[in-house]
Amino acid sequence: MATNRLNNYLRTHRKHSGLSQSEVSFLVRLKNKTELSRYERNVRVPSLRTALACQELYGVAVSELFAGLNDSVASDTRGRMKRLQPRLQAKVDPKSTGNRIIQKFQWISHRLLAMPNFKLVPQL
């Protein structure tokens, strides 16, 4: 059974550090603690710069700081790759050896097969 993770763990790591919202805001270059509060409450998504600053501050990968969001984006991207794969396959010209479509199809196929828990058949 898959575990649903929080969209982000910013508040968890801040509380664990003992730092206040004002202190973290200063350290990651936010205008004020209100911005950080919005990120912690998942009202807004921080910029890449802010996410990377939080990664540096807490020593936790961005993908773990934003675990639920990461899971959602990964799932969506895998789904889109699965949808693009048959489109590319339909465009493959078997007579052509230098077909760029073949390269794209093979790349997506390899990426999908390399993913953990990948299933060829969609779950119903």
Engineer: Check whether Phe105 and Met81 end up in the same hydrophobic cluster, where Ile, Leu, Val, Met, Phe, Trp and Tyr are linked by side-chain heavy atoms less than 4.5 Å apart.
Structural biologist: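 Yes, because Phe105 and Met81 connect within a single hydrophobic cluster, where side-chain heavy atoms sit under 4.5 Å apart.
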
Engineer: Would you please say whether a donor-acceptor pair under 3.5 Å links the side chains of Arg41 and Ser37?
Structural biologist: yes

Engineer: Taking side chain as C-beta onward, heavy atoms only, is Ser25 less than 4.5 Å from Asn32?
Structural biologist: no

Engineer: Only counting residues at least two apart or in another chain, list the ones meeting side chain to side chain contact (heavy atoms under 4.5 Å, CB included) with Glu23.
Structural biologist: Leu19, Ser20

Engineer: If hydrophobic clusters are built from ILVMFWY residues whose side chains come within less than 4.5 Å, do Leu6 and Leu10 share one?
Structural biologist: no

Engineer: With rounding to the nearest 0.5 Å, note down the distance linking CZ in Arg29 to OG in Ser47.
Structural biologist: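 The distance works out to 12.0 Å.
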
Engineer: What is the distance from atom CZ of Arg80 to atom CZ of Arg83, rounded to the nearest 0.5 Å?
Structural biologist: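 Answer rounded to 0.5 Å: 5.0 Å.
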
Engineer: Not counting sequence neighbours, list each pair that qualifies as a side chain to side chain donor-acceptor pair (under 3.5 Å) and has a residue in residues 58-69.
Structural biologist: Arg5-Glu64

Engineer: Once you round to the nearest 0.5 Å, how far does NZ of Lys82 lie from CZ of Arg87?
Structural biologist: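 Answer for the NZ-CZ pair, Lys82 versus Arg87, is 15.0 Å.
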
Engineer: Is Leu48 linked to Leu27 within one hydrophobic cluster, defined over Ile, Leu, Val, Met, Phe, Trp and Tyr using a side-chain heavy-atom separation of less than 4.5 Å?
Structural biologist: yes

Engineer: Tell me, please, which residues at least two apart from Val45 pass side chain to side chain contact (heavy atoms under 4.5 Å, CB included).
Structural biologist: Leu69

Engineer: Starting at CZ of Arg38, measure out to CG of Leu30 and round the result to the nearest 0.5 Å.
Structural biologist: 11.0 Å

Engineer: Test your reading of the model: is there a side-chain donor-acceptor pair from Glu40 to the backbone of Leu36, 3.5 Å cut-off?
Structural biologist: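 No, Glu40 side chain to Leu36 backbone: no donor-acceptor pair under 3.5 Å.
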
Engineer: Give a yes or no answer on whether the side chain of Asp71 reaches the backbone of Ala74 with a donor-acceptor pair at less than 3.5 Å.
Structural biologist: no

Engineer: Does Tyr39 belong to the same Ile/Leu/Val/Met/Phe/Trp/Tyr cluster as Phe26, with side-chain heavy atoms less than 4.5 Å apart forming each link?
Structural biologist: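 Per the 4.5 Å side-chain linkage, Tyr39 and Phe26 are co-clustered.
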
Engineer: Nearest 0.5 Å, what's the CG-CG distance between Leu65 and Leu52?
Structural biologist: 10.0 Å

Engineer: Taking Asn8 for the side chain and Ala67 for the main chain, is one N or O donor matched with an acceptor at less than 3.5 Å?
Structural biologist: no

Engineer: Please lay out, stage by stage, how Arg78 and Arg111 fare under the test side-chain contact (heavy atoms from CB on, under 4.5 Å).
Structural biologist: CA-CA 9 Å; Arg78 281 191 296 270; Arg111 284 290 300 135; over 6 Å; no

Engineer: Between Thr50 (side chain only) and Pro46 (backbone N and O only), is there a donor and an acceptor less than 3.5 Å apart?
Structural biologist: no

Engineer: Can you check whether Ala61's main-chain N or O pairs, donor with acceptor, with Gln55's side chain at less than 3.5 Å?
Structural biologist: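 Such a contact is absent between Gln55 side chain and Ala61 backbone.
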
Engineer: Is there a chain of hydrophobic side chains (I, L, V, M, F, W, Y, each step under 4.5 Å between heavy atoms) that links Tyr9 to Val60?
Structural biologist: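 Different clusters.
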
